[in-house]
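Both backbone and side-chain heavy atoms feed into the values below; hydrogens, waters and symmetry mates do not. Residue numbers run from 1 in the order of the sequence given.
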Amino acid sequence: QVQLVESGGGLVQAGGSLRLSCAASGLTFSSYAMGWFRQAPGKEREFVASISWSGGNTYYADSVKGRFTISRDNAKIAVYLQMNSLKPEDTAVYYCAADPVYYNDYVFGPNQGRYLKIWGQGTLVTVSS
């Protein structure tokens with residue numbers, strides 16, 4: 001059974017940092033690109049970042065570029081999202097997602113969320129002003 005479990009969410013003041021983790025099981029982790037989406041209250045889900053199977057290629061939403069860093073550890077079967085300089089508008093439930101690798105250095109982007117089939121349950125990040 002494929003499972004993604006997020007952790008690391010919480011309440012933080014604006015300007016602060018959080019590190020989200022996503023532990024995967026039931027899949028050959030190195031055969032998947034991984035990424036993060038988020039959904040704020042009353043808003044649609046939006047893409048945050050993704051990373052290729054090797055970690056050699058990453059893709060960020062413009063809204064988080066320069067503040068967030070996605071990484072993965074294939075030995076630990078986990079993907080991470082380091083979030084710095086957090087803003088109140090970063091408040092959302094953050095979801096981990098996985099997609100099979102279609103070509104070397106494949107990453108998924110904002111328009112592919114509807115096609116992804118493997119999702120975690122989400123972790124809530126609240127940034128206070």
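Summarising the geometry of G9 relative to L20, their closest heavy-atom pair is N-CD2, 3.6 Å, with the distance given to 0.1 Å. Of all non-hydrogen atoms in Y32 and A98, the two that sit nearest each other are CD2-CB, 3.9 Å. Smallest separation of non-hydrogen atoms from S128 and L11: CB-CD1, 4.3 Å. When all heavy atoms of F29 and D73 are compared, the pair lying nearest together is CE2-O, 4.0 Å. Nearest heavy-atom pair, I70 versus M34, reported as atom, atom and distance to 0.1 Å: CD1-O, 4.0 Å. Taking each heavy atom of W36 and L81 in turn, the nearest pair found is NE1-CB, 3.6 Å.
Annotation: the span from Q13 atom CD to S129 atom OG amounts to 9.5 Å, rounded to 0.5 Å. A distance of 6.5 Å separates CG in N84 from OG1 in T69, rounded to the nearest 0.5 Å. Here the straight-line distance linking atom CD of E89 with atom OG of S63 works out to 9.0 Å at 0.5 Å rounding. To the nearest 0.5 Å, atom CD1 of residue I51 and atom CG of residue N57 are 8.5 Å apart. For the atom pair CG (L124) and OG1 (T91), the distance works out to 8.0 Å, reported to the nearest 0.5 Å.
Here the side chain of T28 pairs no donor or acceptor atom with the backbone of S30 at under 3.5 angstrom. E6 places a side-chain N or O within donor-acceptor distance of the main-chain N or O of Q121, the cut-off being under 3.5 Å. Using modelled atom types, one side-chain atom of R67 and one backbone atom of S85 make a donor-acceptor pair closer than 3.5 Å. At distances below 3.5 Å, not a single donor-acceptor pair connects side-chain atoms of Q82 with backbone N or O atoms of F68. Q39 places a side-chain N or O within donor-acceptor distance of the main-chain N or O of K43, the cut-off being under 3.5 Å.
Cation-pi contact between R38 and Y95: absent, since separation from the ring centre below 6.0 Å together with deviation from the ring axis within 45° is not met.
The hydrophobic cluster containing V79 also contains L27, counting ILVMFWY residues as joined when their side-chain heavy atoms lie under 4.5 angstrom apart, directly or transitively. Tracing side-chain contacts under 4.5 Å through hydrophobic residues (I, L, V, M, F, W, Y), one reaches I77 starting from V2; they form part of the same cluster. When the side chains of ILVMFWY residues are joined at heavy-atom separations under 4.5 Å, either directly or via intervening members, V64 and L86 end up in a single hydrophobic cluster. V107 and Y94 fall into different hydrophobic clusters, where Ile, Leu, Val, Met, Phe, Trp and Tyr side chains are chained together by heavy-atom contacts under 4.5 Å.
Within the 4.5 Å cutoff, the side chain of W119 has no heavy atoms near those of the L4 side chain. Residues V125 and D90 are not in side-chain contact: their nearest non-hydrogen atoms beyond the backbone lie 4.5 Å or more apart.
For residues 89-121, the set of pairs meeting the disulfide bond (SG atoms under 2.5 Å apart) definition, not counting sequence neighbours, comprises C22-C96. Residue pairs meeting the salt bridge (charged side-chain N to carboxylate O under 4.0 Å, His left out) criterion with at least one partner in residues 105-118, sequence neighbours excluded, do not occur; the list is empty.
Side-chain atoms of N104 and W53 form a donor-acceptor pair, as typed in the model, at a separation below 3.5 Å.
Ionic pairing of D62 and K65 is present here: one or more N-O contacts between side-chain nitrogen and carboxylate oxygen are shorter than 4.0 angstrom.
Remark: Y102 engages D99, P100, Y106 in a side chain to side chain contact (heavy atoms under 4.5 Å, CB included) (not counting sequence neighbours).
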| message | I'd like to know whether Y80 forms a side-chain contact (heavy atoms from CB on, under 4.5 Å) with R72, so could you lay out the CA-CA distance, the side-chain angles of the two residues, the decisive distance to 0.1 Å, and finally the verdict. | response | CA-CA 6 Å; Y80 309 99; R72 66 187 292 161; 5.7 Å; no
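Under the 30°/60° scheme for interplanar angles, the aromatic rings of F47 and F37 are found to stand perpendicular.
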